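Proteins get letters first, then strands, A, B, ... in listed order; numbering begins at 1 in each. No experiment lies behind these values; they were computed from the predicted model shown.
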Amino acid sequence: MAQQSIPKNYESTQVEELWYSRWCAADCFKADPERVTAARPAYSIVIPPPNVTGVLHMGHVLNNTIQDILCRRARLEGKEVLWLPGTDHAGIATQVMVEKQLKKAEGKTRHDLGREAFLERVWQWKKEKGGIIINQLKKLGCSCDWSRERFTMDEAYTRCIQKIFVDLYKKGYIYRGKRMVNWCPASLTALSDEEVIMEPHKGFLYYFKIEIAEERGTFLTIATTRPETIPGDSAIAVNPKDPRYQKYIGKHALRPLPFENQEPIPIVGDESVEFEFGTGVLKVTPAHDKTDFEIGRRHHLKVTDIMNPDGTMNALAGKDLAGMDRFKARTRSVEMLKELGLLVKEEPYENKVGISERAKVPIEPRLSEQWFLRYPSVAEARACVADGVMKFHPERWSKTYEHWMGGLQDWCISRQLWWGHRIPVWYNKQDASKIYCDVTPPADAENWEQDPDVLDTWFSSWLWPFATMGWDMDLPEEKMPELLKKFYPTTDLVTGPDIIFFWVARMIMAGYEWRGEMPFKNVYFTGIVRDKLGRKMSKTLGNSPDPLNLIAQYGADALRFGTMRSAPLGQDVLFDEKNVELGRNFCNKLWNASRFRQMSGEMSDNSSLDAIVARIDPALCDADDHAILDGIVRLTRDCSIHFANYEFNAYTQALYSFFWNDFCDWYVEVAKTRLADEKLRGNVLAIQDLCLRQFLLALAPLTPFIAEELYHLLGYIAEGQFLQDQQLATAEEILGLLEKRGLKIDGNAVAEISQIRDFVTQTRALKSHNNAGTRRDCLFVLAVKDVSAKEIVERNLAKLKSLVGAQSIEFVPAGTETSGASTLTPLGVISLDMTGLVDKEAETKRLTKELEKLDKAIAAGTAKVNNPAFAAKAPPHILEGAKKQLAETQAKRDEIVKLLGNLSK
RNA sequence: GGGGGUAUAGCUCAGUUGGUUAGAGCGUUUGCAUGACACGCAAAAGGUCGCAGAUUCGACUUCUGCUACUCCCACCA
């Protein structure tokens, strides 16, 4: 097998581009429903469709890396994988964006163009610039089936939306009504409750007097944050149980504004009025406040809308305020109250104000005619999570879900926008009460007018899991597309908890309503990516790093690795570029270790796990071989456990520490001695190959590019094949293969290595303390602890000498007094003959400190063992362990005391 | 007002069903060209596990209360 040698440096950009194009050219990510069988089960994820206007940010990196890891791992486990990608038309965001461009380039508004021409512009924009994010996801390495990319305004998808609208309308879930909605004065559309963010706002609470019409000279004082709405007041409300005000119920108050129309308005009693708030007197503005609207309904009050859709005051607000912006009108009306001598006081006050999620302006509660949806399949959707049939990870989000599902409010689904799915409803021109609702326009189109509104973007998103798979409401089940039959319901959904109401809950309801089952089996909620100070990423703060820059600088694998290592399940992620650096360093380490493997000797037959195992000779394996094989088996097992628990950070961490600490820092180092030995080299290399091969497979989902590159360069796979088609052996399978070869991992050997590692560390430390850290010619004397310790050292003498930089290690019996600096190791007291070089003061300090530590441990241990309750109640193995520990600690202490004595000589 | 979450080394976080002397990465200090890697190697310093109780032979771990920070939900104008 001709091997290409591994270059000195890893060029991530080059490697990533090369492999991504190869994967695509070979249709690696294409899901084929025909391939799904009992032996090859389906695994599917639908991507949370990013906005078509979106650009990749760290949140996407986190979210999509997780999805990619899940998909790639599933492929290695022999599953047929569908990761279905696409984008969302994002109604408001997209429309606003194109409108802005239009304004900038041509100074025109959408109305100047008209609906059709404007929509053409949006489509044109979408075609040219939309979906940039798709290419960015490719840079990240996402293994989506790009041949099935969907858009929420695809023809077929749009058809689905129309059909389910009609379906829900006919079932009576959708209705039209005049109701209080959240109105965005900037985007000029209604919004759902979920699109309104409550934010604290520092303002004033204004107290003003209002005169009782029937008792001139008597005033009530009202506290309000919104004096500009006084002209819209149609009543004054007090709590009927409030002794201060009961007597006024039924009388009237003189509304001070508008000045030219100071009408008497009724004083009503309503239980919703709080005694304690303000003065206990409430002004009722049914047209501009949700609570007030309800009070108005209960008392049949007049509804006076004093504002225009854009948030300016209209003529009903009076001539002083008309035309004014609502916030200017607030200031002006306060001035007017002052002029009238009615303003009592104004005090600073902080309350929560609803802000439009998109336009970032305060929303205005407004009465308007809109389409509403009463949620379908609520009970089923609620039960599946409550019963644990559908699993949330972390589980606690199910509480949030349950809470929201328990308090469902009807969903305002109509939007006064142009970009989106047009509502499939027509109104009769002659008879407005006649409504036509269907997927196809009425036959006598000239007599009808279609509703100008479009549907909320989320009204299309909630069908995403099945509408993307070619679902058609009118097809009988057996005629449904194979894709849907094989890959639906999906396996996992990976998304942020911030859209649990917007999207997740609604998808579950849609799933039950039209497919009769849940749309996914598991939902993994990621954390939110924040900066290293814990703040949310935002454009204005400028704390949002550009993932593409990071990829260019460090590589996509490094970004993925670094992000996943710091992303614990259910916890927010604090982004720090240092993490990406760590990922880059890891890739570099991996690269070099592989390079070293290649430089160390012949590659031999690496074509399969069996072939590699066949190269291992059990008779030539030493304790280190056993320990590292034990390590790779454990790693394999741990990885699958972490996967099953969606603990990607633990999985990443496990890979990191095995590779760096166990494989590179120890195994490769100790194996260097044996590499020089002709007879042993082949065996050592075979074991390295086994480890590297298995490691790369386990790692590949996380860092697919470098894993694939090295897998090929090391000859673990034939030209033209791909890592993803390899079989990932389980821990048991590896053990089975080794046993068949006559190799049973020896637990004693594993323990022996742990002792040796300790010994080496202690000995190196001894050298370091005595300024001999770099010397390779030290003369050591080891007072061996016992026979077995002696055997261990003898067995491993060559590599030990090399590891600690010894010219010789002389054995003396335990207890022998030695000269020079000494330290305690698990194998005995080792002494370094460096008389004259020893820093006695520093050594004394160090040993004294060690002694103090041991004394503490002995005190605690003695107290514990002598405690009769402990002896009586603790399980035997714990008791034995404690006794043994105490004895060892005491022995250690004795040695240290001796060493200290030697030093003072 | 209701409901989550978090609190462990200077920083970011691990810590499995309670059980020997609480770990990692970064940062810091010291030394180092040792067969791949200075994006590296070796050694080291650094922790009353937020506070107060309770349960237990034994608590970073379980329970109760408290404090701080944080997120979500809610029609106190």
Inset, instruction - Encode nucleotides 68-77 of chain B as B, S and - characters from 5' to 3', where the letter depends on protein heavy atoms closer than 4.0 Å: B to the base, S only to sugar-phosphate, - to neither. - result: ---S-SBBBB

Inset, instruction - Before accepting this row, confirm whether a basic side-chain N of the pair A:R226/A:E364 lies closer than 4.0 Å to the acidic partner's carboxylate O. - result: yes

Inset, instruction - Quick one: closest heavy-atom pair of A:F659 and A:F663, and the distance? - result: O-CB, 3.3 Å

Legend entry - Whether A:F525 and A:W397 hold their rings parallel, tilted or perpendicular, with breakpoints at 30° and 60°: tilted

All N/O contacts under 3.5 Å from nucleotides 18-25 of chain B to the protein, with atom names and distances to one decimal?
residue, atom, partner, partner atom, Å
B:U20, O2', A:Q885, OE1, 3.3
B:U20, O2', A:Q885, NE2, 3.1
B:U20, O2, A:Q885, OE1, 2.1
B:U21, O4, A:Q885, NE2, 3.4
B:U21, O4, A:K892, NZ, 3.3
B:G25, O4', A:R565, NH2, 2.9

Legend entry - A:K799 with A:E669: basic N within carboxylate O range, under 4.0 Å: no

Legend entry - Under 4.0 angstrom between A:K8 side-chain N/O and B:C37 OP1 or OP2: yes

Inset, instruction - Please measure how far the C1' atom in B:G25 lies from the corresponding atom in B:C71, and state the result in whole Å. - result: 27 Å

Inset, instruction - On the 0 to 90° scale, with breaks at 30° and 60°, tag the A:F648-A:Y646 ring pair as parallel, tilted or perpendicular. - result: perpendicular

Inset, instruction - Output all residues satisfying side-chain hydrogen bond (donor to acceptor under 3.5 Å, both in side chains) with A:Q409, sequence neighbours left out; order by chain, then residue number. - result: none

Inset, instruction - Calculate the interatomic distance between A:E850 atom CD and B:A45 atom C1'; express it in whole Å. - result: 15 Å

Legend entry - Atom-pair distance (CZ on A:F525; C1' on B:G4), nearest Å: 13 Å

Inset, instruction - Determine the interatomic distance between P on B:G19 and the same-named atom on B:A77; round to the nearest Å. - result: 50 Å

Legend entry - Integer angstrom distance from the P of B:A33 to that of B:A42: 15 Å

Inset, instruction - Indicate for each nucleotide in nucleotides 27-34 of chain B, in 5' to 3' sequence, whether protein heavy atoms under 4.0 Å reach the base (B), only the sugar-phosphate (S), or nothing (-). - result: S---SS--

Inset, instruction - Find the distance A:F659:CZ to B:C39:P and express it as a whole number of Å. - result: 18 Å

Inset, instruction - Evaluate side chain to side chain contact (heavy atoms under 4.5 Å, CB included) for A:K672 paired with A:F596, printing each intermediate quantity in order. - result: CA-CA 11 Å; A:K672 278 176 181 169; A:F596 183 63; 3.5 Å; yes

Legend entry - B:A9 to B:G2 separation - C1' atoms, rounded to the nearest Å: 37 Å

Legend entry - Distance, P atom - from B:G4 to B:C66, rounded to whole angstrom: 14 Å

Inset, instruction - Using a heavy-atom cut-off of under 4.0 Å over every strand shown, decide if A:A676 touches base, sugar-phosphate, or nothing. - result: base

Legend entry - Strand RNA chain B as a dot-bracket string - pairs counted if Watson-Crick or G-U with both distances under 3.5 Å, | where the partner lies in another strand: (((((((..((((.....[...)))).(((((.......))))).....(((((..]....))))))))))))....

Inset, instruction - Could you list the residues that satisfy ring pair (Phe, Tyr, Trp, His ring centres under 6.0 Å) with A:Y656, not counting sequence neighbours? - result: A:F586, A:W660

Inset, instruction - Could you check how far CG of A:D677 sits from P of B:G35, rounded to whole Å? - result: 18 Å

Inset, instruction - Would you kindly say whether A:T862 and A:K864 are connected by a side-chain donor-acceptor distance under 3.5 Å? - result: no

Legend entry - Side chain of A:V668 - closest among B:A36, B:A44, B:C41: B:A36

Legend entry - Sidechain N-carboxylate O distance under 4.0 Å for A:K352, A:E199: no

Inset, instruction - Write down the distance separating the C1' atoms in B:G47 and B:C60, rounded off to the nearest Å. - result: 11 Å

Legend entry - Ionic contact status for A:E402 with A:K399, cut-off 4.0 Å: no

Inset, instruction - Decide if atom CZ of A:R297 counts as having more than 12 heavy atoms of other residues, nucleotides or ligands within a radius under 6.0 Å. - result: no

Inset, instruction - Find the distance A:M599:CE to B:G35:P and express it as a whole number of Å. - result: 11 Å

Legend entry - Sugar-phosphate, base or nothing in reach of A:D498, heavy atoms under 4.0 Å: nothing

Inset, instruction - Could you tell me whether A:D233 and A:K283 make a salt bridge, using a distance below 4.0 angstrom between a side-chain N and a carboxylate O? - result: yes

Inset, instruction - Using a heavy-atom cut-off of under 4.0 Å over every strand shown, decide if A:R764 touches base, sugar-phosphate, or nothing. - result: sugar-phosphate

Inset, instruction - Please report, rounded to the nearest Å, how far the C1' atom of B:A42 is from the CH2 atom of A:W660. - result: 14 Å

Legend entry - Ion pair A:K578/A:D576, N-O distance below 4.0 Å: no

Inset, instruction - Can you figure out which of B:C39, B:A42, B:A36 approaches the side chain of A:N588 most closely? - result: B:C39

Inset, instruction - Check the distance between B:G35's C1' and A:N592's CG and give it to me in whole angstrom. - result: 13 Å

Legend entry - Crowding at CD, A:E602 (>12 non-hydrogen neighbours, <6.0 Å): no

Inset, instruction - Remember a base hit wins even if backbone is also touched, and classify A:S594 as base, sugar-phosphate or nothing at under 4.0 Å, heavy atoms. - result: nothing

Inset, instruction - With P as the reference atom in both, quote the distance from B:G10 to B:U28 in angstrom, rounded to an integer. - result: 15 Å

Legend entry - Rounded C1' spacing from B:A14 to B:G23 in Å: 7 Å

Inset, instruction - Calculate the interatomic distance between A:K799 atom NZ and B:G35 atom P; express it in whole Å. - result: 17 Å

Legend entry - Closest non-hydrogen atom pair, A:Y245 against A:T279: OH-O, 2.6 Å

